[in-house]
Amino acid sequence: MTNPMQDKKRPFQGHQAKHFRFETDADGRVATITLNRPEKKNPLTFESYEELTDLFRALGRASDVRAVVLTGAENNFSSGGDVFDIIEPLTKMSMPDLIDFTRMTGDLVRQIRACPQPIVAAVDGICAGAGAILAMSSDYRLATPEAKTAFLFNRVGLAGADMGACGILPRIIGQGRAAELLFTGRVMSAAEGHAWGFYNALHERPALLGAAQKFARDIADGPWFAHTMTKKMLDQEWAMGIDQLIESEAQTQAICMATGDFRRAFEAFAAKSRPEFKGN
């Protein structure tokens, strides 16, 4: 007997992306997305915004991918929106077109946060503007000592309120530090980012991608369904009072306790073996 909901899922191993690189490991559990315009420090374009948004939305129906690594090619993460492909056309648009654009870019953050897979950003070199937003929107962030992170919207006459920065960044590094970065547009060094909690750890360049993929693999091999619930609650509880969030977590944990993964973990513990998590 077929399962109609499982039938809606599909593997992403072998998926071909047009405006960046998309690769998976041998069993498809860890996907690596590489922003791949190194000659310009991996900027985003109208097309890559849309394709990234569509991909993160579609990953909700992946039958194989359980964690995602997001990185950039050749020692840079991303320089943000391409100056000539995006910034220049924006200066000539009418207000209706501008609001369509800002809603489109914001939708990328929305889909990153809604994507059930935990997302690990591996940041090296330049991480600026919309590139810094991509790192900010990820669930876990690693960087090299050379990483230079800047929310530089004010440098082009714009507010720091871009793609959720005024809401999300203070929750990661605190209101005062976020205000400093968003008002000044200055570079946050890797050491500052680590000390402030923006980056979870720093790694030398040769080890960065491997460390990110290992962390993603550890997540992918863990209780997959429970991880999706953890990510969902980390987002939903931002807007909850204490009574709401305690009740919400009670319901979430009860759902996880009804899974086969919970039973298999107990049976493995009793047998002094390692559990095999299947995401159900």
Side-chain angles (χ1 to χ4, degrees), residues 1-15 22 24-33 53-70 107-121 137-141 164 167-168 171-172 197 200 212-280:
M1 182 177 178
T2 62
N3 183 327
M5 297 311 295
Q6 289 298 317
D7 289 346
K8 293 179 181 294
K9 295 186 176 183
R10 67 178 180 89
F12 273 73
Q13 192 173 32
H15 174 78
F22 180 91
T24 66
D25 55 8
D27 60 6
R29 285 191 173 189
V30 175
T32 299
I33 297 170
T53 301
D54 291 344
L55 175 60
F56 282 114
R57 182 185 293 113
L59 283 171
R61 292 293 187 182
S63 60
D64 49 359
V65 177
R66 297 186 177 185
V68 177
V69 173
L70 179 61
D107 195 34
L108 173 54
V109 174
R110 186 180 291 111
Q111 296 310 321
I112 289 173
R113 300 310 312 148
C115 174
Q117 293 87 348
I119 298 166
V120 181
S137 305
S138 300
D139 299 290
Y140 189 85
R141 290 166 292 277
I168 299 174
R171 289 175 166 88
I172 300 173
N200 296 84
Q213 290 175 330
K214 181 184 183 304
F215 183 84
R217 185 73 208 191
D218 290 344
I219 293 291
D221 288 341
W224 157 237
F225 177 79
H227 288 329
T228 69
M229 297 297 275
T230 297
K231 178 168 180 175
K232 175 64 70 176
M233 298 317 298
L234 282 169
D235 283 342
Q236 287 188 352
E237 290 185 25
W238 280 5
M240 291 183 184
I242 186 68
D243 290 340
Q244 288 177 301
L245 69 86
I246 292 295
E247 174 58 22
S248 186
E249 291 198 4
Q251 294 181 26
T252 296
Q253 203 68 304
I255 290 169
C256 291
M257 289 173 180
T259 64
D261 276 350
F262 182 63
R263 186 191 69 252
R264 284 186 286 270
F266 167 74
E267 292 170 349
F269 178 82
K272 294 182 171 58
S273 61
R274 184 173 180 174
E276 179 185 359
F277 294 111
K278 300 182 179 179
N280 58 28

Exercise. Can you check salt bridge (charged side-chain N to carboxylate O under 4.0 Å, His left out) on D64 and K9, steps first, answer last?
Worked result: CA-CA 9 Å; D64 49 359; K9 295 186 176 183; over 6 Å; no
Problem set entry | Q253 and E249 side chains, donor-acceptor separation under 3.5 Å | no
Exercise. With side chains defined as the heavy atoms from C-beta onward, is the minimum distance between D221 and R66 less than 4.5 Å?
Worked result: no
Problem set entry | Derivation of the side-chain contact (heavy atoms from CB on, under 4.5 Å) call for Q117 and W224 | CA-CA 8 Å; Q117 293 87 348; W224 157 237; 3.6 Å; yes
Exercise. In Å and rounded to the nearest 0.5 Å, what is the CE to CD1 distance from M229 to I255?
Worked result: 4.0 Å
Exercise. How far does OG1 of T259 sit from CZ of F225, to the nearest 0.5 angstrom?
Worked result: 7.0 Å
For this session: Report the distance from atom CG of L59 to atom CZ of F22, rounding to the nearest 0.5 Å.
Result: 5.5 Å
Exercise. Taking atom NZ of K8 and atom OG of S63, what is their separation to the nearest 0.5 Å?
Worked result: 14.5 Å
Problem set entry | Heavy-atom closest pair, residues Q251 and E247 | NE2-OE2, 2.8 Å
Seminar exercise, completed: By salt bridge (charged side-chain N to carboxylate O under 4.0 Å, His left out), R263 pairs with (sequence neighbours left out) E267
Seminar exercise, completed: Smallest heavy-atom separation, A67 atom then A216 atom, equals CB-O, 3.4 Å
Problem set entry | From S138 atom OG to N200 atom CG, the distance as rounded to the nearest 0.5 Å | 10.5 Å
Exercise. Would S248 and E237 count as having a side-chain donor-acceptor pair, cut-off 3.5 Å?
Worked result: no
Exercise. Is there a side-chain contact (heavy atoms from CB on, under 4.5 Å) between I168 and R171 once you walk through the steps?
Worked result: CA-CA 5 Å; I168 299 174; R171 289 175 166 88; 5.7 Å; no
For this session: Please work out whether the ring planes of Y140 and F215 are parallel, tilted or perpendicular, with thresholds of 30° and 60°.
Result: parallel
Exercise. Does the side-chain contact (heavy atoms from CB on, under 4.5 Å) test come out yes or no for T24 and R29, once each step is laid out?
Worked result: CA-CA 7 Å; T24 66; R29 285 191 173 189; over 6 Å; no
For this session: State whether the number of non-hydrogen atoms from other residues, nucleotides or ligands found under 6.0 Å of K231 atom NZ is greater than 12.
Result: yes
For this session: Please determine if R217 and D25 form a salt bridge, counting it only when a charged side-chain N lies under 4.0 Å from a carboxylate O.
Result: yes
Exercise. Between the main-chain N or O of L108 and the side-chain N or O of Q111, is there a donor-acceptor pair closer than 3.5 Å?
Worked result: no
Problem set entry | D139 and R113 ion-paired at < 4.0 Å | yes
Report all side-chain donor-acceptor pairs from residues 272-280 shorter than 3.5 Å, counting only partners two or more places apart or in another chain.
{"unit_1": "S273", "atom_1": "OG", "unit_2": "A268", "atom_2": "O", "d": "3.4"}
{"unit_1": "N280", "atom_1": "OD1", "unit_2": "R264", "atom_2": "NH2", "d": "2.5"}

Seminar exercise, completed: dist C115:SG -> R110:CZ (nearest 0.5 Å) comes out at 14.5 Å
For this session: Using the side chain to side chain contact (heavy atoms under 4.5 Å, CB included) rule, pick out the option among V68, I119, V69 that qualifies with I33.
Result: V68
